[in-house]
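What follows is one structure encoded as structure tokens, with my remarks underneath.
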Amino acid sequence: MRVIPLAVVASLPLTSAVTLSRRASTLIPTSALDNTSVFEQYFVYNYPWGGDTHNGGARMNKAHVNIASPGVLTLTAQPVKGQPPATHGGKQIPINYLSGAVGAKQHFTVPTGGGFVFSGSFQATTTKGTWPAFWLTAVNGWPPEIDMAEWKGSGKISFNTFNTSSVLSWKDVTYSNPDKFHDISCEVKDVNGQDTQVKFYMDGALQATHVGKGYTGKPFYLVINLQMEGSSGSPGPTTNTTYSIKNLEVTTL
Ligand SMILES: *[C@@H]1O[C@H](CO)[C@@H](O)[C@H](O)[C@H]1NC(C)=O
Ligand SMILES: *[C@@H]1O[C@H](CO)[C@@H](O)[C@H](O)[C@H]1NC(C)=O
Ligand SMILES: *[C@@H]1O[C@H](CO)[C@@H](O)[C@H](O)[C@H]1NC(C)=O
């Protein structure tokens with residue numbers, strides 16, 4: 001820690017002195033995955049905007065979200081038949097799975113001069129037809145959207161930041177050892193009171209740096225879901241697929 005001589009501190013305007021002494025605060029602690037009762041203090045089941053389907057072939061429910069051992073959240077996608085289709089963007093999507101999605105109860109708004117760190121350790125599949133993700137999306141309108149990690153059934157992990165539906169920054173990285181847990185961390189930070197810088201890390205190594213246009217001051221939902229088919233191809237697996245998360249934490253910068 002840098003030691004600031006008292007005389008210097010005393011001469012700073014009050015706001016600077018406050019900034020110097022500010023410490024990161026924890027918004028979602030790693031203990032949130034210790035058991036179902038603490039988990040439900042921080043998260044809701046299904047999509048946080050309401051609804052049990054989105055842009056792929058899974059219908060979400062609470063029964064496919066589980067804390068089997070303390071500290072590890074597991075979402076399971078189970079093949080099913082006879083489900084009514086989903087409707088998304090005016091199109092019907094066949095539902096071939098029941099699966100799990102969870103959303104943080106709180107919203108995250110990058111303040112001018114501040115930001116957040118979202119981190120966790122993930123065991124995700126890259127099998128065709130499986131589409132696990134850890135992402136932030138706009139509470140009001142769209143974009144903003146930051147895909148802090150998504151796996152679209154291609155053997156890769158993708159990191160995306162959207163300015164519009166057609167103007168986006170993306171990075172696809174080969175994803176080795178999907179059976180193992182990999183650390184993902186995403187730092188989002190105000191640049192100029194309007195735009196937000198996004199840094200994506202995997203296993204401690206910086207993968208990409210993007211800038212989201214006009215993201216500062218706009219609230220985000222945090223979503224963890226095991227979507228199926230859709231952008232990850234079809235048909236998906238004929239047996240259960242799991243997606244597990246541990247050491248999940250959200251702090252301010
Ligand atoms: C759940 O975990 C929290 C946080 O670790 C702990 O305080 C609480 O006692 C646990 N509750 C149960 C029912 O195990
Ligand atoms: C998105 O907008 C930001 C802010 O204007 C800009 O820095 C960034 O390059 C844009 N991204 C793309 C893909 O054009
Ligand atoms: C598939 O997952 C569901 C939901 O967790 C579970 O009830 C079912 O027993 C699983 N099937 C197999 C074959 O493991």
Side-chain angles (χ1 to χ4, degrees), residues 24-56 58-78 86 88 97-110 115-125 130-140 142 144-151 157 159 181-188 198 200 215 218-228 230 240-253:
S25 60
T26 301
L27 303 179
I28 298 182
T30 53
S31 60
L33 303 187
D34 280 357
N35 55 54
T36 300
S37 62
V38 65
F39 174 75
E40 290 177 354
Q41 291 172 23
Y42 291 95
F43 285 90
V44 295
Y45 297 99
N46 300 339
Y47 289 101
W49 48 87
D52 58 2
T53 60
H54 188 222
N55 50 1
R59 173 164 282 117
M60 309 305 185
N61 67 27
K62 179 176 170 175
H64 291 76
V65 178
N66 188 26
I67 296 180
S69 60
V72 186
L73 175 74
T74 298
L75 310 182
T76 302
Q78 177 182 21
H88 181 75
Y97 298 88
L98 295 177
S99 186
V102 300
K105 285 188 174 174
Q106 60 192 296
H107 300 161
F108 302 91
T109 306
V110 173
F116 303 107
V117 180
F118 299 85
S119 57
S121 195
F122 296 78
Q123 188 183 47
T125 82
T130 70
W131 190 8
F134 174 54
W135 54 299
L136 298 167
T137 191
V139 171
N140 306 310
W142 186 89
E145 176 176 327
I146 301 169
D147 301 321
M148 301 188 285
E150 76 173 327
W151 297 261
I157 181 171
F159 308 102
F181 279 88
H182 293 272
D183 293 339
I184 299 294
S185 175
C186 186
E187 182 188 291
V188 297
V198 187
F200 300 88
Y215 281 22
K218 294 191 181 158
F220 282 105
Y221 292 115
L222 168 64
V223 186
I224 304 173
N225 65 330
L226 176 52
Q227 193 44 269
M228 298 293 281
N240 280 359
T241 297
T242 61
Y243 173 38
S244 295
I245 299 96
K246 59 185 186 181
N247 303 328
L248 181 69
E249 188 177 52
V250 183
T251 62
T252 60
L253 267 176

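Proximity of the aromatic rings of F108 and F118 is defined here by a centroid distance below 6.0 angstrom, and this criterion is met. Aromatic pair F220/Y215: ring centres closer than 6.0 Å.
Side-chain contact, T74 with S244: a donor N or O sits under 3.5 Å from an acceptor N or O. Residues T125 and T241 bring no donor and acceptor atom of their side chains to less than 3.5 Å of each other. Using a 3.5 Å distance cut-off with no hydrogens or angles, the side chains of W131 and N225 do not pair a donor with an acceptor.
Under the side chain to side chain donor-acceptor pair (under 3.5 Å) criterion, S37 pairs with N35, sequence neighbours left out.
The aromatic rings of Y243 and W151 sit perpendicular, their planes meeting at an angle over 60°, well past the 30° parallel limit. Relative ring orientation between Y47 and H54 is described as tilted, the plane-to-plane angle lying within the 30° to 60° band.
The heavy-atom pair separating L226 from S99 by the smallest distance is O-OG, 2.7 Å. The two atoms that bring G100 and L75 nearest to each other are O-CD1, 3.4 Å, heavy atoms only.
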Is there a side-chain contact (heavy atoms from CB on, under 4.5 Å) between C186 and V188 once you walk through the steps? CA-CA 6 Å; C186 186; V188 297; 4.2 Å; yes
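Judged by distance alone, with hydrogens and angles left aside, the side-chain atoms of K246 form no donor-acceptor pair with the main-chain N or O of P70 at under 3.5 Å.
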